[in-house]
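Worksheet: one structure, shown below.
Everything numeric in this text was worked out from a predicted model, so none of it was measured. Naming convention: chains lettered A, B, ... in sequence-line order (proteins, then strands); numbering from 1 in each chain. Only heavy atoms go into these numbers, but all of them, side chains included; no hydrogens, no water, no symmetry mates.
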Protein chains: 2
Amino acid sequence: MFELDIRSRKPIYEQLVERLKELIITEVLKSDEQLPSVRTLAQQLTINPNTIQKAYRELEIQGYIYSIKGKGSFVSPASPKPDTEKLLKVKNELIKLLSEAMYLGMTVDELFKIIKDLEASVGGGMENDQN
Amino acid sequence: MFELDIRSRKPIYEQLVERLKELIITEVLKSDEQLPSVRTLAQQLTINPNTIQKAYRELEIQGYIYSIKGKGSFVSPASPKPDTEKLLKVKNELIKLLSEAMYLGMTVDELFKIIKDLEASVGGGMENDQN
DNA sequence: TACAGTGTACTACGACTCATAGTACAGTTA
DNA sequence: TAACTGTACTATGAGTCGTAGTACACTGTA
């Protein structure tokens with residue numbers, strides 16, 4: 001289910017957060033779908049349950065999942081509220097990264113193409129398109 | 001010259017790398033311009049010289065500055081070589097971040113606008129002028 | 001009711017990173 | 001020579017990361 005790099009400088013729980021976020025955003029994991037339990041996933045990945053739980057807690061704080069004691073952890077419905085604070089953070093990071101990409105020689109057209117390609121795969125807020 | 005958050009979870013030297021990279025990309029710091037010396041900047045920011053040097057070393061590895069023993073550290077000329085490896089890394093990060101932004105409700109038009117606005121302020125690779 | 005599964009909380013430990021402090025060496029410039 | 005520059009190294013304290021173990025509260029089912 002996952003590819004984690006144990007010896008990466010990036011903490012395991014952060015890698016987990018990234019991966020899961022990706023699966024949620026691309027709707028591989030759908031709304032209210034149950035995630036593997038902390039202990040199950042820990043066993044699958046041969047990783048300590050505490051590390052998994054740290055990742056789940058972070059995802060819950062960020063609003064991507066919700067957990068119910070005794071039942072399990074589930075994917076949150078996609079952006080019911082705009083969450084402007086979070087959006088602003090992402091936007092600022094985006095500006096940094098876009099600047100760097102352009103500085104390194106990426107053209108505006110290339111960037112436009114990337115965005116258009118992503119538009120299809122990302123399950124956005126409104127979803128006012130008919131698939 | 002800088003605003004650093006000492007108590008941030010993000011290391012000081014990484015904040016420094018980000019800030020300086022930003023100044024170089026936006027050409028506030030121009031090609032071959034000399035950066036403050038390790039000790040001077042350390043004194044200005046009331047930070048240990050070792051921390052500054054760590055940031056400078058990182059910037060040198062990433063190709064944004066070059067250092068000459070006994071003389072100082074200077075801004076590298078903008079992307080003479082494409083550096084496809086680095087570009088690929090940035091592109092992958094960009095895809096992640098763009099996906100997240102769109103998931104949070106940012107529209108394609110908004111993204112296009114951000115890019116167009118940046119186009120002016122970023123000193124890109126070719127700059128279609130011949131120096 | 002029991003029991004197995006779920007999330008959650010806490011302590012303790014070793015390994016690692018980060019920032020500081022101090023010292024030292026090599027090169028450049030006036 | 002003197003004052004500046006980058007660079008390298010050791011040592012220390014604070015903090016993070018991952019692991020290990022234990023414990024508690026809740027849910028669903030036999």
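If you take CG of B:Leu59 and C1' of D:dT7, they are 16 Å apart, rounded to a whole angstrom. The distance from atom OH of B:Tyr13 to atom C1' of C:dT17 is 8 Å, rounded to the nearest whole Å. Summarising the geometry, the separation between CD1 on B:Ile68 and C1' on D:dT5 is reported as 11 Å, rounded to the nearest angstrom. The interatomic distance linking A:Leu41 (CG) with C:dG5 (P) rounds to 17 Å, in whole Å. Residue B:Leu35 contributes atom CG, which lies 16 Å from atom C1' of D:dT7 at whole-angstrom precision. If you measure from atom CD1 of A:Ile52 to atom P of C:dA9, you get 17 Å, rounded to the nearest angstrom. Going from atom CG of A:Asn50 over to atom P of D:dA23 covers 15 Å, rounded to whole Å. If you take OH of A:Tyr56 and P of C:dA9, they are 16 Å apart, rounded to a whole angstrom.
Side-chain heavy atoms closer than 4.5 Å link hydrophobic residues (I, L, V, M, F, W, Y) into clusters, and following such links, even through other members, never connects A:Val75 to A:Ile68.
Taking only side-chain nitrogens and oxygens, B:Thr40 never comes nearer than 4.0 Å to OP1 or OP2 of D:dC4. Using a 4.0 Å cut-off, no side-chain N or O of B:Lys69 falls inside it from OP1 or OP2 of C:dT28. For B:Gln53 and D:dT7, the shortest distance from a side-chain N or O to OP1 or OP2 is below 4.0 Å. Between B:Lys54 and C:dA19, a side-chain N or O to OP1/OP2 separation shorter than 4.0 Å is absent. Side-chain nitrogen and oxygen atoms of A:Ser37 include at least one within less than 4.0 Å of the OP1 or OP2 phosphate oxygen of C:dT6.
Remark: B:Lys96 does not engage A:Glu93 in a salt bridge, criterion side-chain N to carboxylate O under 4.0 Å.
No donor-acceptor distance shorter than 3.5 angstrom exists from the side chain of A:Glu58 to the backbone of A:Glu14, with no hydrogens or angles considered.
Each of A:Ile12, A:Ile6, A:Asp5, A:Leu4 was evaluated against A:Ser8; a single residue qualifies, A:Asp5, per the side chain to side chain contact (heavy atoms under 4.5 Å, CB included) test. Just one of A:Ile24, A:Leu23, A:Leu29, A:Val17 meets the side chain to side chain contact (heavy atoms under 4.5 Å, CB included) condition when paired with A:Tyr64; it is A:Ile24.
Both A:Ile6 and B:Gln34 lie near DNA chain D, and the one whose nearest nucleotide falls closer to the 5' end is B:Gln34. Taking the nucleotide of DNA chain C with the nearest heavy atom to each of A:Arg9 and A:Ser73, the more 5' of the two is matched to A:Ser73. Nearest-nucleotide mapping onto DNA chain C: of B:Thr51 and A:Gly70, the residue sitting toward the 5' end is A:Gly70.
Contact of A:Arg39 with C:dG5 (side chain to base): no donor-acceptor pair of N or O atoms is detected under 3.5 Å.
Comparing C:dC18, D:dC17, D:dT7 by their closest approach to the side chain of B:Ser67 singles out D:dT7.
Using a 4.0 Å heavy-atom cutoff across all strands shown, A:Glu60 reaches sugar-phosphate atoms only and no base atom.
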